[in-house]
Amino acid sequence: MSDCIFCKIAAREIGSTVVYEDEEFLAFRDINPVAPTHVLLIPKKHVSSLLEVPEQDAPLMGRMLTLAAKLAGQLGLAEDGFRVVINTGKNGGQTVEHLHFHLLGGRALQWPPG
Ligand code: AMP
């Protein structure tokens, strides 16, 4: 989508610190990290939120989830643990309308999240 900041990051029209890329996905460092490791994983294809994932993209979502685990390992988070978060909508705290997983680790995270 032309006015989507994450589409622009995926198209390399806006700079980011990329930690992983393949044909389907991009992972980059969050500009405002809330944990020592805070990476965003996005599908390159624009989907505005988890609520808008079409049924036929279930395999893509499965690959995204297994990729999140693989990246957590590569980022050194597997041993101590980490969190994958999908903020969705107003009450979920979603601010960017392009589906993204937050991959958070490097410190003990609180629960409930507040
Ligand atoms: P959410 O609030 O769940 O929609 O998450 C959006 C995230 O995108 C926030 O954690 C922001 O810090 C992050 N963010 C916004 N703009 C950028 C950017 N240009 N590069 C990296 N991260 C960004």
Side-chain angles (χ1 to χ4, degrees):
M1 231 170 84
S2 59
D3 61 346
C4 169
I5 189 168
F6 285 179
C7 284
K8 287 181 178 168
I9 287 174
R12 305 304 180 102
E13 292 166 12
I14 292 178
S16 70
T17 305
V18 171
V19 300
Y20 176 86
E21 180 170 25
D22 64 25
E23 306 91 70
E24 294 183 305
F25 304 107
L26 187 77
F28 53 96
R29 304 258 177 208
D30 196 293
I31 203 167
N32 184 25
V34 298
T37 299
H38 187 172
V39 164
L40 299 174
L41 173 60
I42 65 168
K44 289 184 173 177
K45 169 183 168 171
H46 183 84
V47 182
S48 59
S49 86
L50 185 61
L51 283 170
E52 303 302 325
V53 176
E55 186 73 35
Q56 65 266 26
D57 278 346
L60 181 77
M61 292 299 99
R63 290 193 292 277
M64 192 168 167
L65 199 54
T66 54
L67 175 58
K70 187 173 124 188
L71 286 176
Q74 289 177 359
L75 292 163
L77 303 178
E79 188 176 343
D80 287 343
F82 59 92
R83 190 172 292 170
V84 176
V85 174
I86 310 171
N87 294 328
T88 305
K90 180 167 62 74
N91 280 3
Q94 183 176 5
T95 60
V96 175
E97 292 192 358
H98 181 128
L99 176 67
H100 49 283
F101 290 3
H102 294 259
L103 190 49
L104 299 162
R107 66 171 172 85
L109 299 162
Q110 303 302 307
W111 192 264

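Read the numbers this way: they start at 1 and go in the same order the structure lists the ligands and their atoms. When reading the values below, keep in mind they use all heavy atoms of this one structure, side chains included, and skip hydrogens, waters and symmetry mates. Residue indices begin at 1 and follow the sequence shown.
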Is there a continuous path of hydrophobic side-chain contacts, each under 4.5 Å between heavy atoms, that joins Val19 to Ile42?
no
Residue contacts for ligand 1, heavy atom to ligand atom, distance under 4.0 Å
Ile5, Phe6, Ile9, Phe28, Arg29, Asp30, Ile31, Asn32, Leu40, Asn87, Gly93, Gln94, Thr95, Val96, His100, His102
Check this for me: Gln94, atom CD, are more than 12 non-hydrogen atoms of other residues, nucleotides or ligands nearer than 6.0 Å?
yes
Within the side chain of Thr88, is there an N or O that forms a donor-acceptor pair under 3.5 Å with the backbone of Ile86?
yes
Show every donor-acceptor pair shorter than 3.5 Å between a side-chain atom in residues 64-79 and any protein atom, with sequence neighbours excluded, or say none if there are none.
unit_1 : atom_1 : unit_2 : atom_2 : d
Thr66  : OG1    : Gly62  : O      : 3.3
Thr66  : OG1    : Arg63  : O      : 3.1

Can you confirm whether Gln56 is buried at CD, in the sense that more than 12 heavy atoms of other residues, nucleotides or ligands lie under 6.0 Å from that atom?
yes
Kindly say whether the aromatic ring centers of His100 and His102 come within a distance under 6.0 Å.
yes
